[in-house]
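Comments concern the structure below.
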Amino acid sequence: MTCPHAETTTIAWMYGDAHDSHALHVASCVDCTAVLDLHERVGRTTARVAPLLRRPVEVRRPRGLVVAGVVALAAAVLLAVAFGTSPAPTPPATASLASPTDPFADPLDAELDDLAAQIELPADEFTSL
Amino acid sequence: MAEDDPLQAALSQRIDRNRDALVAFLRRRAPDQAEELAQDVWLRVFRAQATFATDEEFRAYVYTVARRLLIDHYRKEARSPRLVALEGGVSSVDQPEFADPEHIAHAGDVLAVVNAELASMKPEVAQVFHWRTAEDWSFAEIARRQGTGVNTALGRMHNATRRLAAALTSAGLLARSPFEDER
């Protein structure tokens with residue numbers, strides 16, 4: 001396969017994504033004609049069963065992977081800061097039922113909420129993590 | 001007027017000489033749409049205003065346009081489900097009582113081979129084939145959704161098609177090449 005169009009423009013043209021005038025090149029190019037032949041035969045063979053094909057597994061976009069990596073890294077740093085460099089929180093010795101503060105509140109929760117708000121992840125990205 | 005323009009007159013003569021053969025070619029591949037497809041081919045040939053030194057060049061161009069339109073036709077057919085998947089095969093949803101058992105069995109075999117081959121591909125490659133054939137998304141849209149370039153999406157489509165052709169050939173299920181028929 002030596003024609004530079006055979007696996008690019010010619011495939012786009014076959015599926016209606018390139019200009020009709022490319023037909024003039026395809027008609028005179030052995031490589032492109034062979035590609036057209038292959039796609040026409042596979043298209044003809046598979047057309048009737050195409051609606052029944054099993055949907056392939058979802059592939060995440062690279063951008064999603066990057067965002068997931070950033071969030072995971074940020075969470076790891078926060079956990080390291082919270083548990084690695086400061087003493088573990090201890091409950092108050094005499095917690096009063098009338099106390100205005102929640103004895104089980106964890107400051108890490110608030111920090112994670114702040115981080116999520118700053119990143120402003122789209123809902124679909126966030127839920128796919 | 002075609003009669004006044006020698007180039008148009010020559011083109012009309014070439015079309016007349018190839019009209020029946022083109023319809024026959026299309027009828028073998030799209031029996032219900034052969035006449036309409038042929039009209040579309042001639043329209044595009046007229047619009048292109050291309051000149052050809054020989055009849056052979058002209059015919060090569062006409063059949064190239066025809067096969068490109070056939071691919072369009074197959075895509076439209078793919079979006080009009082006429083079969084339904086059943087456990088261990090497929091059945092017709094149009095007229096089950098008149099469905100040709102041989103055709104149904106062939107479709108079931110094709111479906112099994114294609115699904116197995118797609119499952120063995122890299123997911124991003126199989127995904128391009130599925131989105132282009134079953135969903136009819138443009139390559140630009142596919143590239144955008146995969147976060148890649150259009151040429152990568154085109155390459156993945158060709159890769160998937162090549163692998164499916166090999167698998168279908170091994171199973172004796174791939175349609176005949178137009179080169180094997182008369183042109």
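In what follows, every chain begins at residue 1, and chains take the letters A, B, ... in the order their sequences are listed. Keep in mind that the numbers below use all heavy atoms, side chains included, and drop hydrogens, waters and symmetry copies.
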Measure the spacing between CG of A/L24 and OG1 of B/T64 and express it to the nearest 0.5 Å.
-> 9.0 Å
Rounded distance [0.5 Å steps], CD1 in A/I11 versus CZ in B/R132 = 11.5 Å
What closest approach, in Å, do A/L53 and B/L118 show between heavy atoms, and which atom pair accounts for it?
-> CD1-CD1, 4.1 Å
Neighbours of chain A found in residues 150-160 of chain B - heavy atoms under 4.5 Å = B/N151, B/L154, B/G155, B/M157, B/H158
Please flag which part of A/T8 lies under 4.5 Å from any non-hydrogen atom of chain B: side chain, backbone, both or neither.
-> both
What distance separates A/M14 CE from B/I71 CD1, expressed to the nearest 0.5 Å?
-> 5.0 Å
Are B/Y61 and A/V26 side-chain neighbours, meaning at least one heavy-atom pair lies under 4.5 Å?
-> no
Any chance you could measure A/L38, atom CG, to B/L174, atom CG, to the nearest 0.5 Å?
-> 7.5 Å
Per the side chain to side chain contact (heavy atoms under 4.5 Å, CB included) rule, which among B/T161, B/V114, B/T133 passes with A/V42?
-> B/T161
Considering only heavy atoms, give the residues of residues 42-54 of chain B separated from chain A by less than 4.5 Å, sorted numerically, with 'none' for an empty result.
-> B/R44, B/A50, B/F52
Residues which pass ring-ring contact (aromatic ring centres under 6.0 Å, His included) with B/F139, listed by chain and number, not counting sequence neighbours | A/Y15
Listed once per pair and sorted, the ring pair (Phe, Tyr, Trp, His ring centres under 6.0 Å) pairs that draw on residues 108-128 of chain B, sequence neighbours left out = none
Compare every heavy atom of B/A134 with every heavy atom of A/A50, then report the nearest pair and how far apart it is.
-> O-CB, 3.7 Å
Value rounded to 0.5 Å, distance of CZ in B/R162 from NE2 in A/H39 = 8.5 Å
Quick one: CD on A/E40 to CZ on B/R29, what's the gap to the nearest 0.5 Å?
-> 5.5 Å
Heavy atoms of A/T45 and B/A175 approach each other most closely as OG1-N, 2.9 Å
